[in-house]
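A quick write-up on the structure given underneath.
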2 protein chains.
Amino acid sequence: MLKSIIDNRENYQPGLSIDCVIFGFHDNQLKVLLIKTKHSEEWALPGGFVPVDEDIDQAAVSILHGRTGLEGIFLRQFSTFGTVKRNQDHFSNKVLEFYEIPLEEGKWYASRFVTIGYYALVDFLQTVPQPEGKNEIVEWIDHDAVPDLILDHKEILDKALETLRMELNLIPVGYNLLPEKFTIPELQKLYETILGRKLDRRNFLRKITAIGILTKLDEKKSNVAHKAPNLYSFDRDKYNEVVRNGLHQGW
Amino acid sequence: MLKSIIDNRENYQPGLSIDCVIFGFHDNQLKVLLIKTKHSEEWALPGGFVPVDEDIDQAAVSILHGRTGLEGIFLRQFSTFGTVKRNQDHFSNKVLEFYEIPLEEGKWYASRFVTIGYYALVDFLQTVPQPEGKNEIVEWIDHDAVPDLILDHKEILDKALETLRMELNLIPVGYNLLPEKFTIPELQKLYETILGRKLDRRNFLRKITAIGILTKLDEKKSNVAHKAPNLYSFDRDKYNEVVRNGLHQGW
């Protein structure tokens, strides 16, 4: 695929790429979707180049689909990365060698690239990636166990997580990530997993209740030894309203 | 200057620009720094191209300095704009004509450009711009009276203001924008000016006090007919701490 892109480089914006950070949550685990080619030991974020005739938001969707098969994921742009040195390392030449691309032809690819970061948070059990070709591997990797990544992809991943954590102060999360009926401890675990730290149970209960997006159901969780916790669901109208207007209703 | 950039286009990242949205506040007025060349009726955000040997954050600082003479302004990246059509209009050709640049040579400039937006909020009385050359005009223009802007610059400006307003929910503002000693109504006016709407006096007082960044001084504002309001100053240590940790201490 790289060879075909370089052969058709006039169809792509020069010096511009897009990288996607796809976080996956399920059952108290936070994972990240990573990709590598079989000839490489190094993992990368799924990314690619921007066709000259595609808006960047659309290109992000196509690139993610092309590399991982994923569709229908709401990607949000979070930051653009553009230090001079970010792709001036050995990686480019190794890849050119592998694809038997002469250095002269590969110049386009080896030149300075600025990359636009997009991110999303999905339920990883319901999001099953397909690699692009048989030389590629796509996997959900535990966030805690992410290995070295190529280029500045670790920095891009960290910045995406920082953005996601900041976003918890602005809008609620949870819809599509929890079962339809859930307990407050399950919701708290989601927040704790994203934040990477424990939260005080009573504070969390007070704050999450104050938002007004939860409906207390007339059911308790079954299969629990004793003191079965109450079940809740999201009030979708309220939830969407708070997503629109923000958690703190501002000033 | 455009001519010299096109003549030396190999020194610039192809298809990439930076635009700066500089908001100015003083005495209940919100202004925006805009620029135009004397041959044009249309205003623009101060922007420019990215030297191949400069990191984008550094390029933003150089570009702002080059176009407006401003220095020492803390610019924050907020979004990257990259629809296919954003610069595919008549503007390019008109500018090429003005500079007597042949269309063929101007192809680099007329091709698709993706632009990275940076913004800042400063005290406009203390921020005096200098145009780059005698053909350029740089002015603080009332935000309420911003005319049509070139390309998608209005969209970029709107997005920057949206980001600034969102930021009011995350960190305090005011330092360097108000006199050292100020009244609560003055601080409220700053928030109202940024938000573009009136706030409830008692709610504002309650919320702003709860943040814990204000020191109530043993002085009242003079030159006020009766019921002189109390003066306050920012507790710099607390203020910086809240800037670091966020207004809502999260979850």
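Naming convention: chains lettered A, B, ... in sequence-line order (proteins, then strands); numbering from 1 in each chain. All values below were derived from every heavy atom in this structure, side-chain atoms included, with hydrogens, water molecules and symmetry-related copies excluded.
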- Query: Taking all atoms of both residues into account, what is the closest heavy-atom pair of B:Gln77 and A:Ser79, and its distance?
  - Reply: OE1-OG, 3.4 Å
- Any idea which heavy atoms bring B:Ile56 and A:Val114 closest together, and the distance? CG2-CG2, 4.3 Å
- Item | Residue B:Arg201 excluded, over 12 heavy atoms near CZ under 6.0 Å | no
Relative to chain A, which segment of [X] carries a heavy atom at a distance below 4.5 Å: side chain, backbone, both, or neither?
| X | result |
| --- | --- |
| B:Phe78 | neither |
| B:Asp53 | backbone |
| B:Glu54 | backbone |

- Query: In terms of heavy-atom pairs under 4.5 Å, which option from B:Gln58, B:Arg165, B:Met166 contacts chain A the most?
  - Reply: B:Met166
- For A:Ile116, is it the side chain, the backbone, both or neither that has a heavy atom under 4.5 Å from a heavy atom of chain B? side chain
- Which atoms of A:Ser111 come close to chain B, meaning under 4.5 Å heavy atom to heavy atom: side chain ones, backbone ones, both, or neither? neither
- Any chance you could measure A:Asn169, atom CG, to B:Leu170, atom CG, to the nearest 0.5 Å? 6.5 Å
- Query: How long is the span from the CD atom in A:Gln13 to the CG atom in B:Leu16, to the nearest 0.5 Å?
  - Reply: 9.0 Å
